[in-house]
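Below is one structure, written out as structure tokens; comments come after it.
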There are 2 protein chains.
Amino acid sequence: MGVTLERQRTLSERKHGDILAAASALFLRQGYRGTSMDEVATAAKVSKQTVYKHFADKEDLFRAIVADSTPRSGAIVAGVEAAYASGAGGAERALERTARALIDGALLPEATALRRLAIAEAEQFPDLAAAYYGAGPLTGVGAIMGVLAQARDGGAPLPTDLATAAHDFAHVAVSGLIDLALFFPSQVVPDAVRAERARAAVAVVLRA
Amino acid sequence: MGVTLERQRTLSERKHGDILAAASALFLRQGYRGTSMDEVATAAKVSKQTVYKHFADKEDLFRAIVADSTPRSGAIVAGVEAAYASGAGGAERALERTARALIDGALLPEATALRRLAIAEAEQFPDLAAAYYGAGPLTGVGAIMGVLAQARDGGAPLPTDLATAAHDFAHVAVSGLIDLALFFPSQVVPDAVRAERARAAVAVVLRA
DNA sequence: CCCATACGGTACTAGACAGTCTAGTTTTTG
DNA sequence: CAAAAACTAGACTGTCTAGTACCGTATGGG
């Protein structure tokens with residue numbers, strides 16, 4: 001998790017990162033109330049006092065790990081845009097790659113865990129839920145709209161209403177699979193199902 | 001909540017219902033860990049001792065309220081099927097009513113609260129999450145497939161793959177709105193947005 | 001009408017948890 | 001190299017919580 005082998009990090013910075021990483025793993029797996037500060041300190045191999053040196057209180061630590069995790073949704077979006085441009089084949093193949101990248105990104109364990117956490121704590125931390133929604137679903141659909149615009153410029157037969165098309169594309173591709181991931185945390189969605197959903201998403205927008 | 005004015009319920013039965021109702025409201029709003037047994041007893045206007053007379057422990061009570069709430073998803077499904085049959089107009093109008101019923105059902109506050117709860121506790125109570133998924137999303141898509149079959153028999157131009165069509169229909173209609181409800185618990189999705197989603201869902205399946 | 005059963009209220013046990021404090025050690029830095 | 005700052009370990013406070021015990025009162029079937 002961002003532990004990028006920096007050559008001369010100070011001890012304090014290393015501890016800060018350790019605490020964030022440990023808290024991240026615990027909060028994502030056990031939720032806010034299900035995780036204790038003692039657990040965090042132990043998992044980070046750090047004294048409790050040090051935890052409170054770096055973060056004012058539990059809520060502060062929680063906000064920090066969510067703020068730290070949310071940007072990773074941006075990486076998924078970037079992957080989606082890259083998937084369209086890369087590779088061979090016509091618009092249909094390119095859109096299928098796009099859908100597949102979206103699906104694989106959305107089903108990453110950290111992504112689904114963060115989503116579950118944001119939903120679970122939406123009442124207690126509405127600002128975090130809103131931030132997640134903006135960085136995740138919202139920019140995701142925006143990116144897809146951009147890709148569809150490219151495809152239409154390239155001559156693909158797409159509807160005029162690209163906002164609706166992007167919405168349809170995204171939800172046909174990922175919503176059912178995200179449901180599976182949220183309700184069955186331990187299960188992995190098989191490759192064949194992902195491919196089928198990607199095809200369905202392309203089919204939905206490629207006829208107008 | 002099932003409090004149907006039965007003429008001569010015994011005191012014990014009344015208390016049982018009071019506890020269920022109070023616990024239901026609290027768990028749905030505050031989650032499992034966020035709700036204490038003292039709170040439940042106070043809200044139900046019952047002594048704590050009585051709570052433990054009716055339910056072995058907190059987990060038992062929680063399972064009871066989820067088991068009590070989940071069947072209500074079935075009522076939503078029934079409403080969806082009824083919406084197709086009722087009213088005037090051709091297949092397109094009927095499908096639009098179907099989508100609208102699905103949307104309104106999914107956005108009921110109790111429905112979204114239960115969904116949030118099932119997702120939040122999916123790791124701790126995987127069996128409850130699975131039961132919810134079966135009673136909610138799964139039977140919902142099944143019901144829509146039935147409606148689409150009816151529509152096709154009536155001459156509507158639908159794809160041959162009705163399972164995929166039902167999946168697409170359901171997710172284009174409700175998934176985006178459910179996201180909104182989950183991430184922004186206090187907001188209400190306006191009527192115009194619901195209507196637009198219903199139209200989009202019909203448009204997606206009515207061209208094959 | 002009577003007795004088992006359920007109730008209310010409240011006090012209690014036992015443990016978890018957030019956050020503080022102390023006292024001594026290590027790291028950073030000027 | 002010395003002072004400042006960050007670290008460790010663990011005890012400690014106050015609060016909350018699940019679940020139990022006690023005891024006196026109300027309910028309701030036989």
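Just so it is clear, the structure is predicted and the values come from calculations on it, not from any experiment. The chains referred to below are lettered A, B, ... by the order of the sequence lines, with proteins before strands, and numbering in each begins at 1.
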Original post:
Got a sec, which pairs hit side-chain hydrogen bond (donor to acceptor under 3.5 Å, both in side chains) with one end in residues 187-199 of chain A, sequence neighbours left out?
Top reply: A/Arg100-A/Asp191, A/Asp104-A/Arg194, A/Arg197-B/His167
Subject >> Rounded distance (Å) that lies between atom P of D/dA26 and atom CZ of B/Arg14 >> reply: 16 Å
Subject >> Nucleotide C/dT27, atom P - distance to NZ of A/Lys53 in whole Å >> reply: 17 Å
Subject >> Whether over 12 other heavy atoms sit under 6.0 Å from A/Glu39 CD >> reply: yes
Subject >> From CA spacing to verdict: side chain to side chain contact (heavy atoms under 4.5 Å, CB included), A/Leu148, A/Leu95 >> reply: CA-CA 8 Å; A/Leu148 292 184; A/Leu95 287 179; 3.8 Å; yes
**OP:** Round to a whole Å and report the spacing from NZ of B/Lys15 to C1' of D/dG28.
**Re:** 15 Å
**OP:** Give the rounded distance in Å between these two atoms: CG of B/Asp18 and P of C/dC7.
**Re:** 11 Å
Tell me which donor-acceptor pairs under 3.5 Å the side chains of residues 127-141 of chain A have, and how far apart each pair is, sequence neighbours excluded?
residue	atom	partner	partner atom	Å
A/Asp127	OD1	A/Arg63	NH2	2.8
A/Asp127	OD2	A/Arg63	NH2	2.1
A/Thr139	OG1	A/Ala135	O	2.7
A/Thr139	OG1	A/Gly136	O	3.4

Original post:
Would you say D/dA6 has OP1 or OP2 under 4.0 Å from some side-chain N or O of A/His54?
Top reply: no
Original post:
To the nearest 0.5 Å, what is the distance between OG1 (A/Thr112) and CD1 (A/Ile178)?
Top reply: 9.0 Å
**OP:** Would you mind reading off the distance between B/Gln30 atom CD and D/dT17 atom P, rounded to a whole angstrom?
**Re:** 10 Å
**OP:** Spell out protein contact along nucleotides 10-19 of chain C as letters: B when the base is contacted, S when just the sugar-phosphate is, - when no protein heavy atom is under 4.0 Å; keep the 5' to 3' order.
**Re:** -------SBB
Original post:
Is the B/Phe27 ring parallel, tilted or perpendicular to the B/Phe62 ring (thresholds 30°, 60°)?
Top reply: perpendicular
